[in-house]
Every structure is written in C-alpha cells, then in structure tokens.
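Both ligands and their constituent atoms are indexed starting at 1 by order of listing. Worth knowing before you read on, the calculation uses all heavy atoms, side chains too, and leaves out hydrogens, waters and symmetry mates.
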Amino acid sequence: MPEPVLAEVSVRAPAKINLHLGVGPVRADGFHPLATAYQAISLFSTVTARPAEEWSITCTASDDIDVSSVPLDDSNLALRAARLLAEHGGVTTPVSLHIDKGIPVAGGLAGGSADGAAALLACDTLWGLRTPRAQLLELAGRLGSDVPFGLVGGSAAGHGRGEVVTELGDVGTYDWVVLTNPRGMSTPAVYAEFDELTDGQSIPDPEIPAELIDALAAGDVRALAGSVGNDLQPASLRLRPELAEAMQAGLDASALAALVSGSGPTCLFLCEDTGHARQVADVLSAYGRAVLASGPVSGARVL
Ligand code: C5P
C-alpha cells in the first residue's frame with residue numbers, strides 16, 4: 001500500500017464557463033448529451049489534503065461566498081474524489097481535506113466539480129500514486145460531468161454528458177464580468193425545466209458552432225461574442241425571470257455578449273478588455289456581486 005510521502009498538498013482548480021452549451025434530448029440514464037465549449041476562468045477553489053486518523057472535510061470561503069449549503073459529509077464531491085482514488089490506488093490512510101472556496105456555490109460555475117478535481121490531484125500527489133492522466137480523467141468522469149474539465153482547464157470541447165474533454169486551440173485572453181447570485185440553482189431542476197420547454201424534442205446531436213472554434217483559434221473577441229450561446233438559458237430564465245433584466249443591463253452597458261453560465265444563476269458578460277470589464281461591472285453591481293475574471297486559465301495545479 002502506498003504511504004503518504006508529503007505532509008500536505010494544496011491544489012488549486014478553476015471555475016468553468018460554457019461558451020456554448022448545446023443540449024440534446026434526455027438519455028435513458030437521465031443525463032443529456034452535450035456539445036459544449038468550456039473555458040476555465042480565474043476564480044479558483046483550493047483543496048488541501050493532509051494524512052489523518054479519519055476521513056474528514058472542512059470548508060471556508062475567500063471573498064463573499066456563502067458556504068453554508070456545502071455538505072461536510074461523505075456526499076461532498078472532494079471527499080468522494082479522495083475515497084474513490086484511495087480505492088483505486090489501494091490506499092488505506094485517510095486524509096483530512098480543507099476547501100477554500102473562491103467559486104460561488106450552486107452558481108453554474110462547476111465549483112463543486114473544481115473541488116473534486118483539486119481533491120483528486122491533491123491526493124494523487126500526497127500519496128505519490130502518479131496515476132496515469134487517462135485514469136485520473138476516467139475517475140473524474142465517474143464523479144461528475146464537469147470534473148474532468150476541472151483537471152484539463154484552458155478552452156476545451158466537452159461531449160458525452162460533458163465528461164469527454166478535448167483541448168481546443170485558442171489564442172488570447174478574454175475578460176468577463178461574472179455576476180453572481182446569492183440564491184443558487186439546482187442543476188437537475190434546470191434540466192427538468194429544459195425537458196418541459198423542449199418537450200424532449202431538442203436537436204439529438206448538438207454541435208459546437210464552427211464560428212466559435214474559429215473565433216477562439218483567431219483570438220477574436222467580437223467573433224466570440226457573436227457565437228456564444230446556451231441551450232439551458234431559456235429554462236434558467238423561466239425559473240428566474242429577473243436574470244433577464246440584469247443581462248439586458250449588461251448589454252445596455254456595452255458588454256459584447258451576455259449569457260447564463262451553465263444552468264445558472266450566474267450571468268456572464270464578455271468585454272473588450274479589463275478596463276471595459278470594470279465599467280460594465282460598475283453598472284452590474286446594482287444587480288448583484290459583479291466580479292472580474294479572465295480566461296482561459298490552466299486546469300488543476302499543485303501549489
Ligand atoms: O454530472 P453531474 O453530477 O454534475 O450532474 C448533475 C445533474 O445534472 C445530473 O444528475 C442530471 O440531472 C443533470 N445533468 C444532465 N445532463 C448532463 C449533465 C448533468 O441532465 N449532461
């Protein structure tokens with residue numbers, strides 16, 4: 001059995017946004033086939049793993065993030081990740097995990113998935129397992145649809161239920177205003193609303209628009225603004241009509257594009273540069289907490 005080789009390991013993993021989220025009709029297993037273009041942005045979760053007598057988890061937040069709904073038991077994705085890797089690697093020494101969250105909870109930014117990805121890499125390093133990348137990605141996919149992308153980061157295509165990740169060529173950096181919302185949304189509830197709205201008749205094989213792939217390859221922010229989209233957005237807006245007002249306010253304040261992040265309720269505003277993002281954020285702060293973030297950034301990294 002491998003023994004811990006380090007006293008503690010901290011790993012930082014990024015939030016994800018979906019530049020485009022194409023959603024097909026629900027599958028027999030309850031998941032929806034996706035064609036998505038992910039981008040990792042500069043909001044991060046840090047997970048620290050230490051050898052311990054018992055499995056345990058604690059959570060704090062940097063900034064203004066409410067972590068009161070984060071489970072501190074075996075259902076926590078970071079703890080599930082650690083236990084899954086232990087089982088896979090034949091490790092019997094428990095760890096204590098600490099999450100420092102810089103990604104809003106239940107916000108459509110895959111904050112829990114970032115915790116899971118960070119925990120996998122932290123424990124792999126702590127235990128000296130050197131699990132091959134392909135196996136780590138496979139374990140990540142078992143934990144959740146967005147967890148593999150938390151390891152990969154950058155800009156990437158996601159297929160299957162989101163867990164099949166392929167890096168996308170990109171140049172440049174994009175500036176986003178991320179408008180967070182204190183009241184999180186349940187991803188399954190938004191997908192259920194999508195099923196009702198589309199009556200199970202959405203396009204069976206969604207695709208990422210070629211214009212979006214070209215925009216990323218060229219580093220063309222205006223072309224990117226013209227090709228972003230989210231099939232879940234009508235469902236999120238039906239559940240939270242007030243988000244439409246904030247999105248319009250961002251566009252009126254000259255954001256190049258506005259979209260709901262994943263299943264919401266976080267809204268994203270694409271801007272020309274950091275100065276422009278600051279101006280847009282000033283206007284949007286009347287609607288919630290407006291923070292600046294840029295992408296793409298790298299996936300989970302040991303600190
Ligand atoms: O994979 P993950 O645990 O993040 O998914 C959470 C929930 O979101 C699933 O139980 C399912 O209801 C919904 N989902 C879906 N189709 C996907 C991804 C997630 O319906 N491709």
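- For ligand 1, the atoms closer than 4.0 angstrom to any heavy atom of Gly144 are 1 (O).
- Heavy-atom proximity to Leu34, at under 4.0 Å, picks out these atoms of ligand 1: 21 (N).
- Ranked by closest heavy atom to atom 21 (N) of ligand 1, the top entry among His32, Glu163, His159 is His32.
- With a 6.0 Å radius and a threshold of 12 heavy atoms from other residues, nucleotides or ligands, Arg130 has its CZ atom at or below the threshold.
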Checking Lys16 against Leu109 for the side-chain contact (heavy atoms from CB on, under 4.5 Å) test, could you report, in this order, the C-alpha distance in whole Å, the side-chain angles of both residues, the deciding distance, and whether it holds? CA-CA 5 Å; Lys16 67 89 205 178; Leu109 293 164; 5.9 Å; no
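- Remark: ligand 1 atoms within the under-4.0 Å shell around heavy atoms of Gly30 are 20 (O).
- Between Asp146 and ligand 1, no pair of N/O atoms sits closer than 3.5 Å.
- Evaluation of the ring-ring contact (aromatic ring centres under 6.0 Å, His included) rule for Phe149 yields Tyr38 as partners, not counting sequence neighbours.
- Some N or O of Arg161 is nearer than 3.5 Å to an N or O of ligand 1, by distance alone.
- Summarising the local packing, CD of Glu242 is surrounded by more than 12 heavy atoms from other residues, nucleotides or ligands at distances under 6.0 Å.
- Heavy-atom minimum distance, Ala78 versus Ile57: CB-CD1, 3.9 Å.
- A side chain to side chain contact (heavy atoms under 4.5 Å, CB included) with Val105 holds for exactly one of Ile65, Asp115, Thr180; it is Ile65.
- In summary, the atoms of ligand 1 found under 4.0 Å from a heavy atom of Thr187, numbered by their order in the structure, are 8 (O).
- Of the protein's non-hydrogen atoms, the one nearest atom 13 (C) of ligand 1 is Tyr191 CD1, 3.5 Å.
- Closest to atom 9 (C) of ligand 1 among all protein heavy atoms lies Phe31 CE2, 3.7 Å.
- Atom CD of Glu87 sits in a sparse spot, with 12 or fewer heavy atoms from other residues, nucleotides or ligands closer than 6.0 Å.
- Per-atom contact check: atom 15 (C) of ligand 1 touches the protein, criterion being a heavy-atom distance below 4.0 Å.
- Judged as a side-chain hydrogen bond (donor to acceptor under 3.5 Å, both in side chains), and not counting sequence neighbours, the contacts of Thr131 are Asp124.
- Shown in contact with Pro188 at under 4.0 Å from a heavy atom are these atoms of ligand 1, numbered in order with element: 7 (C), 12 (O).
- For atom 4 (O) of ligand 1, the nearest non-hydrogen atom of the protein is Ser145 N, 3.8 Å.
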